[in-house]
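Worksheet: the structure to be examined is printed underneath.
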Amino acid sequence: MRKGNKIMPAGPGWHANGETRLIFGYWSLISGIIAELLYFPCMLALRAESKNSCYKIMFWISLVDMLTLLCCCVFYGIGLLNGDVYCSRPLWYFFLGAYGLGCWTASCLGCLTLVCNRLAELLDKAKFFNYVYRNMPHAINNLTVVILSTFLYVTLCAIIFLEQNSIRRNKNN
C-alpha cells in the first residue's frame, strides 16, 4: 500500500486497513473449539483400540486433524476478530500458512496410508507390512538402491538446474 511516494512497510500500521469480521470470526473460533472438545474423546477411543494397525493410523489422522482445526478455525477466527491482514503480521501468517499446509499434507499421507493398510488387509496381504528381511544381501541391495538413486537424482536435478541457468545467461548476452 502506498502512502504518498513511499510503500508502507509491514507491521502494525496495516491494522487500519483490516476489517474485523465479528460474526464469521466468532463462528470460526467457537465451532473450532467445540470440534476440538468433541474430537478429544474420539481420539481416546481410537487410542484404546490401538492393537489393530488401522486404529493406530486413524489415531494419527485424528491427531493431525486436531492440529489442523487449531490452525484453520481457532487461529483464523482470532485473526478475523482482530481484523488482521497478511501485512499486519507477515511472519506469523507465513508460519501459520506453512503449518496449515504441513497439517494438510500429513492428513493426506495418513489417509493414503490407511487406504493401503485396508487394501492389504482385505486382500489378505497383511504380512507384507510385517515382512522381516532374513536375506542380508537383499536388504543391503535395497538400502543401496535407495541411497544411490536419491544421490543420483539430486545430482541430475542440480546439473539440469545449472545447465538451465547457463542457457538463460547465454540468451541474455
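- Transitive grouping of hydrophobic side chains (ILVMFWY, heavy atoms separated by less than 4.5 Å) brings Leu96 and Tyr86 into a common cluster.
- Both Leu63 and Ile57 belong to a single network of hydrophobic side chains, linked directly or stepwise wherever heavy atoms of I, L, V, M, F, W or Y lie under 4.5 Å apart.
- To the nearest 0.5 angstrom, Leu80 atom CG is 9.5 Å from Leu29 atom CG.
- When side chains are defined from C-beta on, Leu119 counts as touching Val115, because their heavy atoms get closer than 4.5 Å.
- Asn82 approaches Arg89 most closely through the heavy-atom pair ND2-NH1, 4.0 Å.
- For the atom pair Phe151 CZ and Leu156 CG, the distance stands at 11.5 Å (nearest 0.5 Å).
- Taking each heavy atom of Met58 and Leu114 in turn, the nearest pair found is CG-CD2, 3.9 Å.
- Heavy atoms from other residues, nucleotides or ligands lying under 6.0 Å from OH of Tyr55 number 12 at most.
- Across Ser50 and Lys56, no two heavy atoms sit closer than the pair O-CE, 2.7 Å.
- Between Trp60 and Thr113, every side-chain heavy-atom pair lies at or beyond the 4.5 Å cut-off.
- The CG atom of Leu152 lies 11.5 Å from the CD1 atom of Ile147; values are rounded to the nearest 0.5 Å.
- In this structure, Cys54 and Asn117 approach most closely via the heavy-atom pair CB-OD1, 3.6 Å.
- Contact check for Leu67 versus Tyr99: side-chain heavy atoms found under the 4.5 Å cut-off.
- Taking CG of Asn170 as the reference point, atom CG of Asn165 lies at 11.0 Å (rounded to 0.5 Å).
- The heavy-atom pair separating Cys73 from Gly32 by the smallest distance is CB-CA, 3.5 Å.
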Practice task
Before giving the answer on side chain to side chain contact (heavy atoms under 4.5 Å, CB included), spell out for Leu109 and Thr105 the whole-Å C-alpha distance, their side-chain angles and the decisive distance to 0.1 Å.
Solution key: CA-CA 6 Å; Leu109 179 65; Thr105 305; 5.7 Å; no
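- Shown here is Phe95, whose CZ atom has no more than 12 heavy atoms of other residues, nucleotides or ligands within 6.0 Å.
- Phe75 and Trp92 have perpendicular rings, their planes meeting at more than 60° on a 0 to 90° scale where under 30° would count as parallel.
- Placement of Ile78 and Leu37 within a single hydrophobic cluster is found when ILVMFWY residues are connected by side-chain heavy-atom separations under 4.5 Å, directly or transitively.
- Formation of a donor-acceptor pair under 3.5 Å by the Ser166 side chain with backbone atoms of Leu162 is not found in this model.
- With hydrogens and angles disregarded, no donor-acceptor distance shorter than 3.5 Å links the side chain of Ser28 to the backbone of Phe24.
- Judged purely by atom type and a 3.5 angstrom limit, Ser107 has no side-chain atom pairing as donor or acceptor with the backbone of Trp104.
- Leu101 is not connected to Leu112 by any chain of hydrophobic side-chain contacts under 4.5 Å among Ile, Leu, Val, Met, Phe, Trp and Tyr, and they are in different clusters.
- One distance of note links CG of Leu46 with OH of Tyr39; it measures 8.0 Å at 0.5 Å rounding.
- Here the shortest heavy-atom pairing between Met66 and Met43 reads SD-SD, 2.8 Å.
- Note: Leu38 CG to Ser31 OG = 11.0 Å, rounded to the nearest 0.5 Å.
- Residues Tyr93 and Tyr76 are members of separate hydrophobic clusters, defined by side-chain heavy-atom contacts under 4.5 angstrom among Ile, Leu, Val, Met, Phe, Trp and Tyr.
- Around the CG atom of Leu22, the shell of radius 6.0 Å holds more than 12 heavy atoms that belong to other residues, nucleotides or ligands.
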